[in-house]
Amino acid sequence: MLNRIGVLTRDCAGVNAAIRSIVRTAHIYNIEVIGFLKGFDGLIDNNYIKLDRKQVSGIIDKGGTILKTSRSKRFYKTQWISKAIKNIRDNHIDCLIVVGGNGSLKGAHLLASEYNIPTIGIPATIDNDINGVDFSIGTDTAVNIALDALDKIRDTATSLERIFVIEVMGRKCGYIALQVALAGGCEDVIIPEREFDYDIICKRISEGILRGKNSWIIVVSEGKANAKDVADIITRKTGLETRVTVLGHIQRGGSPTATDRILASKLGNHAIDILKSGEKDKCICLKNGNPASFDLSKAIKKKMIDSKKIYNLIKMLT
Ligand code: F6P
């Protein structure tokens with residue numbers, strides 16, 4: 001019997017839409033929802049608010065998370081996790097929904113597998129690095145924000161005939177970099193999944209100039225290299241002037257795209273459905289457009305992205 005569920009989140013565009021969907025679906029089944037503030041720290045500190053239909057009104061288009069978040073340093077220490085478990089039990093919480101990236105889903109799996117707390121993970125991270133999940137909430141918005149910035153940079157790069165190195169987010173995953181480089185018609189991309197060679201990059205730039213190209217944009221994933229270092233080495237090797245733009249956290253904020261709002265609404269709704277059917281320790285996602293679930297133990301494994309085809313296409317279309 002489901003009477004009361006807890007929710008905690010990380011932040012990225014679309015997380016509020018997921019909270020709204022969870023709360024409003026739960027309401028239909030008379031399930032009470034409480035939201036822990038500041039992620040896992042809220043569980044430890046028993047810091048929560050009750051969430052009702054009204055409280056989630058007007059948030060579907062808002063970036064960030066109304067529940068605030070943190071990168072909890074305490075959660076993985078026995079003394080603090082015991083406190084979190086006690087709070088879950090004392091508050092009569094039947095299950096916990098964790099909305100977030102790899103670290104958050106690891107926490108959800110730990111609670112389920114080691115402490116028998118029923119948990120469900122909803123993938124939400126701009127990095128799109130959750131194993132077994134095609135699209136995480138927040139990724140589409142991040143890619144579009146980065147692409148919008150890149151298009152603007154292209155205007156000035158072409159006008160001044162310059163080389164630009166643009167650094168995008170993605171701690172260990174080159175997904176954003178690859179998508180943005182392809183969608184933005186960029187000349188090169190540097191990602192954690194592939195080795196790169198400065199001599200080859202510089203040779204391609206020189207060949208491009210000979211062919212009459214008048215600007216050159218290289219997208220760098222923060223997980224592989226630092227844009228400033230890449231630009232300095234290119235300038236040293238080619239004698240050509242370069243400029244650098246680091247896009248940073250703007251990629252994690254902002255109003256979610258329609259794609260992210262729809263994804264978040266479907267996943268929030270499905271989380272309640274599968275909890276009602278007794279599933280736990282699961283990650284949910286869309287498969288061929290339909291909600292699906294699979295083990296959190298699989299979701300937290302390293303995701304291997306198939307970078308080769310997109311990488312080759314970027315080069316082919318340069
Ligand atoms: O995991 C999401 C992410 O935005 C990464 O792309 C980035 O490397 C990291 O978080 C930044 O973390 P913080 O907000 O703690 O600086």
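None of the values given here were measured: they were computed from a predicted structure. Both ligands and their constituent atoms are indexed starting at 1 by order of listing.
Cation-pi geometry between K298 and F294 is met: under 6.0 angstrom from the ring centre, within 45 degrees of the axis. Under a cutoff of 6.0 Å and an axis angle of 45°, K224 and F196 do not form a cation-pi pair. Remark: R74 is not positioned above the aromatic ring of F40, lacking an NZ or CZ atom under 6.0 angstrom from the ring centre and at most 45 degrees off the axis.
For the pair G170 and ligand 1, the shortest N or O to N or O distance falls below 3.5 Å. Between H249 and ligand 1, an N or O atom pair is found at a separation short of 3.5 Å.
Here the heavy atom of the protein found nearest to atom 11 (C) of ligand 1 is R252 NH1, 3.6 Å. Scanning the protein for heavy atoms near atom 12 (O) of ligand 1, the closest one is R71 NH2, 2.9 Å. Atom 6 (O) of ligand 1 has D127 OD1, 2.6 Å as its closest protein atom, hydrogens excluded (heavy atom only).
Ion pairing between a basic and an acidic side chain is recognised when a charged N comes within 4.0 Å of a carboxylate O; D188 and R204 show such pairing. Checked for salt-bridge contact, E207 and K203 meet the test: a charged N lies under 4.0 Å from a carboxylate O. Checked for salt-bridge contact, K228 and D232 meet the test: a charged N lies under 4.0 Å from a carboxylate O. Under 4.0 Å is where a charged nitrogen must lie from a carboxylate oxygen, and between E187 and K213 at least one such pair does.
For G101, the closest heavy-atom approach to ligand 1 does not fall below 4.0 Å.
Residue contacts with ligand 1 for N102 are absent, since no atom lies close enough (heavy atoms, distance under 4.0 Å).
Close approach of ligand 1 to E222 is summarised as follows: ligand atoms under 4.0 Å from at least one heavy atom of the residue are 5 (C), 6 (O), 7 (C), 8 (O). Heavy-atom contacts of M169 reach the following atoms of ligand 1: 4 (O), 6 (O) (cutoff under 4.0 Å).
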